[in-house]
Amino acid sequence: MFSAVGMYDGARGLRAVTWTALAVAGLLAVQDASAQEARTITFRDAVRIGLERNTTLRTARNVTALDATTVSQARAQFLPDLRWNAQGAENYGRSFSQSEGRILDQRTQTFNTGVSTGVTLFNGFANSATLREARLELDASEMSLERARQTVVFTVASNFLTLVQEREQLAVRRDALAAEEALERQINEYVEAGVRPIADLYQQQASVASARFTLVQAERASELAEVDLVQTLQLDPRVEYEFVPPDFGATLPSAPEHDLDELLRQAYAQRVDIEAEQNRVRAAEQGVRVARASRLPALSLNVGYNTAYTSAAELGFMDQLDQRRGGSVGLGVSLPVFDRASTRVASERARIALDNARLSAETRQQEVGVQVRRAYLDYQAARAQLAAAEAQQRAAELALETSRERYEVGAATLVELTQARATLTQAASALVSSRYNLLFQQTLMDYYVGTLDPARFTAGVSD
């Protein structure tokens, strides 16, 4: 009886453990399913995430914030300072008491306190030059920050364009596979009816297998485009995402003509990074003034109000503080005579920094000119490629239709029909690439010219 009861209790415990394990497994399955649920990200979401998480942009924000604090610090140099001081001491043996005016040979306690302030009236205009230098550096940082924002938006838009292009290429490959499979079924009917040889069916089956292989490559290219977008947005790679790009195809522009000289003029006038380099040159000029200011005399004003207490006097603590209170006003002049060549070395360093800033500005202007010229040439080539791709598409459709009709009546071989279909697939793929390449080149030109407006990518397009 004891063993039977034990067996019954053991079986009941085993069932309880089993049900518990199943419940835990079900809960984990629900959690895994919710964790694997794809997160939907629209184009507007991607732009917002990019502007929030991009490390280069965040670094540019920090630089701007630091330059803003430098401006505040430079502005504060024009204000007087205010100091409160207090000092207590205990003297032993013989000492001279300034408050009593005699030598004391006893143990005494002293206490001194007071407030003082000082302000620089003139230091060779160093404070003014330092403030102007800080403001120019802040302006340059803000312009660099704006350029960083444009770069982030351009990168996100480019990645979305690539994703849309790869998805349309994928659709082209799927249509091509469906057409090849339909032709395979048609040829199979011809072979069973004895109208076409079995070799045509084998050849078409090979074409279907080739179309499937190309489709797999297109699917991989589309997935890699999503991975690149995940990297650009610095998203968690363990999470599944569903990117919903805007309808770029509906917003393809009419490919207007551009004048290279006008584009260069706009770029030199509107690129914020060029203006940022120019502000850094102006800031370096102020840095030279700051370094040279040490050669001029400095004038400062100091004001103080103090009181004191000593235990050597017979008066009480508060009475002494009241009787010995007094103020002072001082005007100081400092004229440098010999500073061990510190001013000369600082001036030389500032002059070299100014020369480097000018070289950097010249280099940036040269880079902008080359970028705009290259973008202009690529844009012209993209327009020509689109026109050629459209003509190729129309010709390939007519050629395929003619080959299909001739094949159905036995006037053309399967090789001719296969070549015509392959030509149409290539033409459709080239048309997709040309259309989005043109849109990319226009976006690239706006970015290089400096007219790229982030609002253009978040308004007027459908998510």
Side-chain angles (χ1 to χ4, degrees), residues 41-71 134-164 225 228-236 241 243-246 248 251 253 263-264 266-283 357 360-361 363-365 367-372 374-375 379 439-463:
I41 298 179
T42 64
F43 181 68
R44 293 187 180 92
D45 294 336
V47 172
R48 176 183 55 79
I49 293 173
L51 293 176
E52 290 176 354
R53 298 189 178 184
N54 185 267
T55 54
T56 302
L57 183 59
R58 291 163 64 184
T59 302
R61 291 195 185 102
N62 290 338
V63 171
T64 303
L66 286 176
D67 288 341
T69 59
T70 303
V71 172
R135 286 174 174 171
L136 289 170
E137 288 289 351
L138 177 59
D139 292 340
S141 298
E142 291 176 347
M143 294 172 186
S144 298
L145 176 61
E146 178 61 24
R147 186 60 179 171
R149 292 183 70 256
Q150 293 179 356
T151 301
V152 170
V153 174
F154 169 75
T155 304
V156 173
S158 300
N159 287 347
F160 258 101
L161 283 173
T162 302
L163 178 60
V164 174
D228 292 339
L229 196 52
V230 169
Q231 182 179 4
T232 299
L233 301 179
Q234 298 182 355
L235 300 173
D236 188 355
Y241 301 96
F243 295 101
V244 184
F248 284 114
T251 60
L263 291 174
L264 289 173
Q266 291 181 5
Y268 292 147
Q270 299 181 10
R271 281 282 292 262
V272 291
D273 50 343
I274 291 182
E275 189 173 357
E277 294 294 339
Q278 294 173 350
N279 279 340
R280 290 190 174 96
V281 171
R282 301 187 187 100
S360 179
T363 302
R364 180 56 55 87
Q365 188 160 359
E367 290 176 350
V368 169
V370 172
Q371 291 172 353
V372 172
R374 183 180 290 112
Y379 175 75
L439 180 56
F440 173 77
Q441 293 301 330
Q442 290 196 12
T443 306
L444 184 64
M445 184 176 296
D446 291 340
Y447 174 69
Y448 282 151
V449 172
T451 58
L452 180 65
D453 184 9
R456 184 167 71 87
F457 294 92
T458 56
V461 293
S462 57
D463 284 336

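Keep in mind that what you see is a predicted model, and the values were worked out from it rather than measured. Numbering of residues begins at 1 and proceeds along the displayed sequence.
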Peer 1: For Val230, check side-chain contact (heavy atoms from CB on, under 4.5 Å) against everything at least two apart and list the hits.
Peer 2: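 side-chain contact (heavy atoms from CB on, under 4.5 Å) check on Val230 returns Leu235, Tyr241, Phe243.
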Peer 1: To the closest 0.5 Å, what do you measure between CZ (Phe154) and CG (Asn159)?
Peer 2: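 So the gap between those two atoms works out to 9.5 Å.
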Peer 1: Got a sec: does the CD of Glu367 have more than 12 other heavy atoms crowding it under 6.0 Å?
Peer 2: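 Yes, enclosed.
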Peer 1: Hey, could you give me the OG1/CG distance between Thr443 and Leu439, rounded to the nearest 0.5 Å?
Peer 2: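 Output value for this atom pair is 4.5 Å.
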Peer 1: List in chain and number order the residues that pass side-chain hydrogen bond (donor to acceptor under 3.5 Å, both in side chains) with Thr155, two or more places apart in sequence or in another chain; answer none if no residue qualifies.
Peer 2: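 Result, side-chain hydrogen bond (donor to acceptor under 3.5 Å, both in side chains) vs Thr155: none returned.
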Peer 1: Is the shortest side-chain heavy-atom distance between Met445 and Gln441 below 4.5 Å?
Peer 2: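 They are not in side-chain contact.
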Peer 1: Just jot down the side-chain hydrogen bond (donor to acceptor under 3.5 Å, both in side chains) partners of Gln266, sequence neighbours excluded, or say none.
Peer 2: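 Once residues adjacent in sequence are excluded, the partners of Gln266 under the side-chain hydrogen bond (donor to acceptor under 3.5 Å, both in side chains) criterion are Glu262.
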Peer 1: Can you tell me how far the CG atom of Leu452 sits from the CD atom of Glu146, to the nearest 0.5 Å?
Peer 2: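 The distance works out to 9.5 Å.
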Peer 1: Quick one about Arg374 and Gln371 (side-chain donor to acceptor, distance below 3.5 Å, no hydrogens or angles considered), yes or no?
Peer 2: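 There is no such pair (donor and acceptor under 3.5 Å, judged by atom type) between the side chains of Gln371 and Arg374.
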Peer 1: Do Val368 and Arg364 make a side-chain contact, defined as non-hydrogen atoms from C-beta onward lying under 4.5 Å apart?
Peer 2: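 Heavy-atom side-chain distance check passes, below 4.5 Å.
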Peer 1: Is there a side chain to side chain contact (heavy atoms under 4.5 Å, CB included) between Glu277 and Met143 once you walk through the steps?
Peer 2: CA-CA 9 Å; Glu277 294 294 339; Met143 294 172 186; over 6 Å; no
Peer 1: Sequence neighbours excluded, which residues qualify as side-chain hydrogen bond (donor to acceptor under 3.5 Å, both in side chains) partners of Thr151?
Peer 2: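 Thr151: side-chain hydrogen bond (donor to acceptor under 3.5 Å, both in side chains) contacts with Tyr447.
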Peer 1: With side chain to side chain contact (heavy atoms under 4.5 Å, CB included) as the criterion, how do Arg282 and Asn279 come out once you've worked through the C-alpha distance, each side chain's angles and the decisive distance to 0.1 Å?
Peer 2: CA-CA 5 Å; Arg282 301 187 187 100; Asn279 279 340; 2.5 Å; yes
Peer 1: Roughly how far apart are Gln365 CD and Asp273 CG, rounded to 0.5 Å?
Peer 2: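 Gln365 atom CD to Asp273 atom CG measures 10.5 Å (nearest 0.5 Å).
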Peer 1: What pairs with Arg48 under side-chain contact (heavy atoms from CB on, under 4.5 Å), at least two apart in sequence or on another chain?
Peer 2: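 Only Asp45, Glu52 meet the side-chain contact (heavy atoms from CB on, under 4.5 Å) criterion with Arg48.
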Peer 1: Is any side-chain heavy atom of Leu233 closer than 4.5 Å to a side-chain heavy atom of Arg53?
Peer 2: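 Result no, sub-4.5 Å side-chain heavy-atom pair not found.
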Peer 1: What is the distance from atom CZ of Arg61 to atom CG of Leu145, rounded to the nearest 0.5 Å?
Peer 2: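 Here the interatomic distance stands at 6.5 Å.
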Peer 1: Using 0.5 Å steps for rounding, measure from the CD atom of Glu137 to the OG1 atom of Thr64.
Peer 2: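 Reported to 0.5 Å precision, the distance equals 11.0 Å.
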Peer 1: How would you list, by chain and number, every residue that makes a side-chain hydrogen bond (donor to acceptor under 3.5 Å, both in side chains) with Ser144, sequence neighbours excluded?
Peer 2: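 side-chain hydrogen bond (donor to acceptor under 3.5 Å, both in side chains) check on Ser144 returns Arg280.
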